[in-house]
Amino acid sequence: MKACIVGASGYSGQELVRLLVGHPLVELVAVTSRSLAGKSVARELPALRGKVGDMKFSVSSVAEVLAIDGEVFFLALP
């Protein structure tokens, strides 16, 4: 299943990233963050180094999220 986390830079979003990257039936295709857009997930979330490859945070605008090829979307917004 292809998953996306909208708002992945907050506590809940980070926990979702951690859980989903280790799940054998889930492919994490995108993580979004307004404040970290364009930055490396591994660099910003050191606990996930080696698990997220070269994934970068995407912009969390509605248009950008709608363009993501995902099957399930998690919202971890304030």
Item to check | Lys39: partners by side-chain hydrogen bond (donor to acceptor under 3.5 Å, both in side chains), with sequence neighbours left out | outcome: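 Counting only residues at least two positions away or on another chain, Lys39 forms no side-chain hydrogen bond (donor to acceptor under 3.5 Å, both in side chains).
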Item to check | Partner residues of Ser58 under the side-chain hydrogen bond (donor to acceptor under 3.5 Å, both in side chains) criterion, sequence neighbours left out | outcome: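 For Ser58 there are no side-chain hydrogen bond (donor to acceptor under 3.5 Å, both in side chains) partners, ignoring immediate neighbours.
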Item to check | All pairs passing side chain to side chain donor-acceptor pair (under 3.5 Å) where residues 12-23 contributes a residue, at least two apart | outcome: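 For residues 12-23, and leaving out neighbouring residues, the side chain to side chain donor-acceptor pair (under 3.5 Å) pairs sorted by first residue read Glu15-Arg18.
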Next on the checklist: Suppose we screen for side-chain contact (heavy atoms from CB on, under 4.5 Å). Which residues come up paired with Leu19, at least two apart in sequence or across chains?
Outcome noted: none
Item to check | With Val6 via side-chain contact (heavy atoms from CB on, under 4.5 Å) - residues at least two apart | outcome: Cys4, Thr32, Ser60, Val65, Leu75, Leu77
Can you run down the salt bridge (charged side-chain N to carboxylate O under 4.0 Å, His left out) pairs that involve [range], sequence neighbours left out, and say none if there aren't any?
{"range": "residues 3-12", "result": "none"}
{"range": "residues 27-38", "result": "none"}
{"range": "residues 49-71", "result": "Lys2-Asp69"}

Checklist entry - Cluster partners of Val72, using ILVMFWY side-chain heavy atoms under 4.5 angstrom, listed by chain and number? => result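 Taking Ile, Leu, Val, Met, Phe, Trp and Tyr as members, Val72 shares its hydrophobic cluster with Met1, Ile5, Leu16, Val17, Leu20, Val21, Val26, Leu28, Val31, Leu36, Val41, Leu45, Leu48, Val52, Met55, Phe57, Phe74.
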Item to check | Over all atoms of both residues, closest heavy-atom pair of Ser9 and Ser33 | outcome: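 Of all heavy-atom pairs spanning Ser9 and Ser33, the closest is OG-OG, 3.0 Å.
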